[in-house]
Amino acid sequence: MSIKESLEKVRDNVWELPSDYKKEMRVPGRLYLDDESIKDIEEGALEQVANVACMPGIQGASIAMPDIHFGYGFSIGGVGAFNYNNGVVSPGGVGFDINCGVRMLRTNLSEDEIKPKLKELTEVLFKNIPSGVGSKGQIRLKDNEINEVLDYGAWWAVERGFGWEEDLKFLEENGRMKEAESAIVSDKAKKRGIPQLGSLGSGNHFLEVQKIDEIYDENVAKAFGLEAGSIAIMIHSGSRGCGHQICSDYLRKMDKAYRNYKINLPDRQLACAPIDSKEAQSYLKSMAAGANYAWANRQMMSHWIRQSFEEVFSRDAEDMGMTTIYDVAHNIAKKEVHKVKGSHMEVLVHRKGATRAFGPGRREIPKEYSSVGQPVLIPGTMGTASYILHGTDLAMEETFGSTAHGAGRVLSRTAAKKQFTAEQIEKDLNAKGIHVKANSAPVLAEEAPDAYKNVDSVVKTSHDAGIAKLVAKVLPLAVTKG
DNA sequence: ATGTGC
């Protein structure tokens, strides 16, 4: 029986891959997909869900989000929680772009107010927020300062004058994982990170000026400060070459480690080590440093976004109400307490292309949002909608407080470049009234909306399954990209 | 995602 035929429907939008699909599986697979997506799912990605279910110490289920696709070892859109007794940590379960994530800022500006200046605003944002492969930030770090970035994340950035202290309240982990230890991060990772700090990157990373188009839940929208018709800004970016290097460094170390610890794996890309081993502990400290880099990065860009708005509209950012709604990580592993088989357990949750979606009452959420659950920021692809959802109690019960993270690629970059031209994509966007400014033409073709799974359906599946609930939809007015 | 192959 093929892996697809082995799936059993649990309820609408939820499927189980029974643990007897493969004898090494320790837990079942659990997939959040609608009937349509089940037909199109890559068998390779499903095999990856089964593979993760074979890893030592995995709890509950190997979970796949509605935007699942094939990745390195773990699928993208995969969640795996491991216990602290015999569980493991795996760099492939976090991904190359450590703490790739999304930050959203609000404004009190209306579409009418910004429309006449939109072209200018796009140019200014493009100028002030460096983007592109190998792009460099616009500051020069002092000797040793990279270590402070890695240890203190967004706290370092605020201390250095980038943005507001109040921003920190509204970042996952308050923008700093205390476990980080810059001293053990490789010189190579630091060397790559130093010039790139404060830059957007390439690929699907973007900066968007958006209009809040539709509100689905007035009460929650109010708590998040979202008002229909007003303008918001979304930053989608990660830890650049720094996080990439940290991941590469540890994939190599873990490839040795898992053999030494005699861990049997169905795929060597799942290379891992017992959580209490020295390899695992140094990975977690380095990963946290990479995550901090990404939070510092988004913090700096937020500052330049405010400056850009000030430049174009000749008003103070405070006056334009440019506060932070929230900042979420999409690629990260974290120690969290979850209910497993009725009792509370400390687990290491790997989210790779998945968003934390904590429900009401969790202490990790800012108190301002505590009664409604955390904001979940799900970016669409260029020229399409993005969404704000909120975390739910059901996510806490079923997915270790996690949901989808975005559209999910359906065409490879190469395939997309064959099928689309930059000129056509830009024309299509302009026809929709969207200003776009990209560093290189090919990136527009690579990131063509049709190269991605429809984000509307990803979000709908999360909502219908109940692992996050819709709050608002935003539409792009201006996009800058690598 | 990424000094876009090591």
Side-chain angles (χ1 to χ4, degrees), chain A residues 45 48 67-78 90-103 130-137 146 185-207 235-253 255 268-269 286-287 290-291 293-295 297-298 301 328-333 350-355 378-382 405-418 422 438-448 451-453 481-482:
Chain A
Q48 292 185 319
D67 46 349
I68 181 180
H69 55 285
F70 187 82
Y72 183 94
F74 287 61
S75 65
I76 297 158
S90 174
V94 171
F96 278 93
D97 192 2
I98 296 166
N99 192 8
C100 174
V102 175
R103 184 181 303 208
S131 62
V133 184
S135 53
K136 295 179 176 177
I146 186 66
V185 173
S186 71
D187 288 342
K188 205 170 171 188
K190 290 176 190 174
K191 202 173 162 195
R192 286 179 71 175
I194 288 168
Q196 295 182 338
L197 188 65
S199 67
L200 193 60
S202 184
N204 68 354
H205 287 167
F206 65 71
L207 167 59
I235 308 166
H236 181 200
S237 182
S239 50
R240 313 288 287 102
C242 182
H244 192 276
Q245 188 62 48
I246 291 171
C247 180
S248 305
D249 290 345
Y250 279 90
L251 282 172
R252 209 175 53 236
K253 290 181 195 182
D255 192 57
R268 85 186 252 209
Q269 292 187 351
S286 303
M287 182 215 71
Y293 181 100
W295 275 309
N297 200 30
R298 292 196 285 274
M301 290 189 279
V328 296
H330 285 164
N331 282 0
I332 205 156
H350 295 62
R351 294 191 184 88
K352 180 186 190 178
T355 315
I378 302 189
T381 184
M382 191 171 58
H405 87 304
R409 210 168 243 292
V410 288
L411 286 182
S412 71
R413 287 169 201 280
T414 324
K417 274 191 282 196
K418 274 187 195 151
N439 241 299
S440 76
V443 95
L444 288 179
E446 284 174 12
E447 297 302 314
Y452 283 84
K453 182 170 179 175
K481 302 185 62 72

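Lettering follows sequence order; numbering is per chain, from 1. The analysis underlying the following values was restricted to heavy atoms, covering all of them including side chains, and did not include hydrogens, waters or symmetry mates.
- Using a 4.0 Å heavy-atom distance criterion, A:Gly238 is classed as making no nucleic acid contact.
- For A:Tyr72 and B:dT2, the OH to P distance is 18 Å, given to the nearest whole Å.
- Following rounding to the nearest Å, A:Asn439 (CG) and B:dT2 (P) show an atom-to-atom distance of 12 Å.
- For A:Phe206, the ring pair (Phe, Tyr, Trp, His ring centres under 6.0 Å) criterion is met by A:His236, not counting sequence neighbours.
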I'd like a list of close polar pairs between nucleotides 3-6 of chain B and the protein, N/O only, cut-off under 3.5 Å.
{"from": "B:dG3", "atom 1": "OP1", "to": "A:Arg192", "atom 2": "NH2", "distance (Å)": "2.0"}
{"from": "B:dG3", "atom 1": "OP2", "to": "A:Gln196", "atom 2": "NE2", "distance (Å)": "2.6"}
{"from": "B:dG3", "atom 1": "N1", "to": "A:Arg192", "atom 2": "NH1", "distance (Å)": "3.3"}

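- For A:His350, the ring pair (Phe, Tyr, Trp, His ring centres under 6.0 Å) criterion is met by A:Phe74, A:Phe82, not counting sequence neighbours.
- By the ring pair (Phe, Tyr, Trp, His ring centres under 6.0 Å) test, A:Tyr72 pairs with A:Phe96, sequence neighbours left out.
- Applying the side chain to side chain contact (heavy atoms under 4.5 Å, CB included) criterion to A:Ser131, with sequence neighbours excluded, gives A:Phe126, A:Leu200, A:Asn439.
- Under the rule for a side-chain hydrogen bond (donor to acceptor under 3.5 Å, both in side chains), the partners of A:Asn99 that lie at least two apart in sequence or sit in another chain are A:Arg298.
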